[in-house]
Colleague: 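One structure, pasted below without further comment.
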Amino acid sequence: AGGYVTFSFRDPKIVDETRVQKFIGNLPWAVFGRKGSVRFAVRVVMLNVVGGKSVWTPWAGEAQTQLAVIGWDINSEEILKKAASCIQKS
């Protein structure tokens, strides 16, 4: 199966900012949209990445990571595993 793919990653735990930035920057070119809240240790931001441009804005909503991912012929399981690796170790 292939074609248009959408899925989401959701976790209430804190994520590591450096790992998240690396994760976002290393996604395959076929991932053309990522949007949602990201919970770091000292802040929560709304991330919106479209057309290669990343916008990180302060977020006052629920303190958890909730990222929607949109792409074409992408491996959602592989991307979800990489997203989970961004969770900060206790």
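The structure displayed is predicted, hence computed values, not measured ones. Count residues from 1 along the sequence.
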Colleague: Looking only at non-hydrogen atoms, find the nearest pair between Ser54 and Val49 and report the distance.
Modeller: OG-CG2, 3.6 Å
Colleague: Nearest 0.5 Å please: distance from the OH atom of Tyr4 over to the CZ atom of Phe32.
Modeller: 5.5 Å
Colleague: Quick one: does Arg19's side chain have a donor or acceptor within less than 3.5 Å of a partner on Ser85's backbone?
Modeller: yes
Colleague: Output the distance between atom CD1 (Ile24) and atom CG (Leu67), rounded to the nearest 0.5 Å.
Modeller: 5.5 Å
Colleague: Please say whether more than 12 non-hydrogen atoms of neighbouring residues, nucleotides or ligands are located less than 6.0 Å from CH2 in Trp56.
Modeller: yes
Colleague: Applying side-chain hydrogen bond (donor to acceptor under 3.5 Å, both in side chains), name anything that partners Glu77, two or more places apart in sequence or on another chain.
Modeller: none
Colleague: To the nearest 0.5 angstrom, please state how far the CG atom of Leu80 sits from the OG atom of Ser8.
Modeller: 8.0 Å
Colleague: Find the distance between OG (Ser76) and CZ (Phe9) and round it off to the nearest 0.5 Å.
Modeller: 13.0 Å
Colleague: So which heavy atom on Val45 is nearest to which on Trp59, and how close?
Modeller: C-CB, 3.7 Å
Colleague: Identify the residue among Leu27, Thr6, Ile79 that makes a side-chain contact (heavy atoms from CB on, under 4.5 Å) with Ile74.
Modeller: Ile79
Colleague: Return the CZ to CD distance between Arg10 and Gln66, rounded to the nearest 0.5 Å.
Modeller: 4.0 Å
Colleague: Locate the shortest heavy-atom distance separating Met46 from Ser37; write the atom from each residue and the value.
Modeller: SD-N, 3.9 Å
Colleague: Within the structure provided, determine whether Val20 and Phe40 are in side-chain contact (heavy-atom separation under 4.5 Å).
Modeller: yes
Colleague: Do Gln88 and Lys13 touch side chain to side chain, with heavy atoms closer than 4.5 Å?
Modeller: no
Colleague: So, taking the atom named CD1 in Ile87 and the one named OG1 in Thr65, what distance separates them when rounded to the nearest 0.5 Å?
Modeller: 8.0 Å
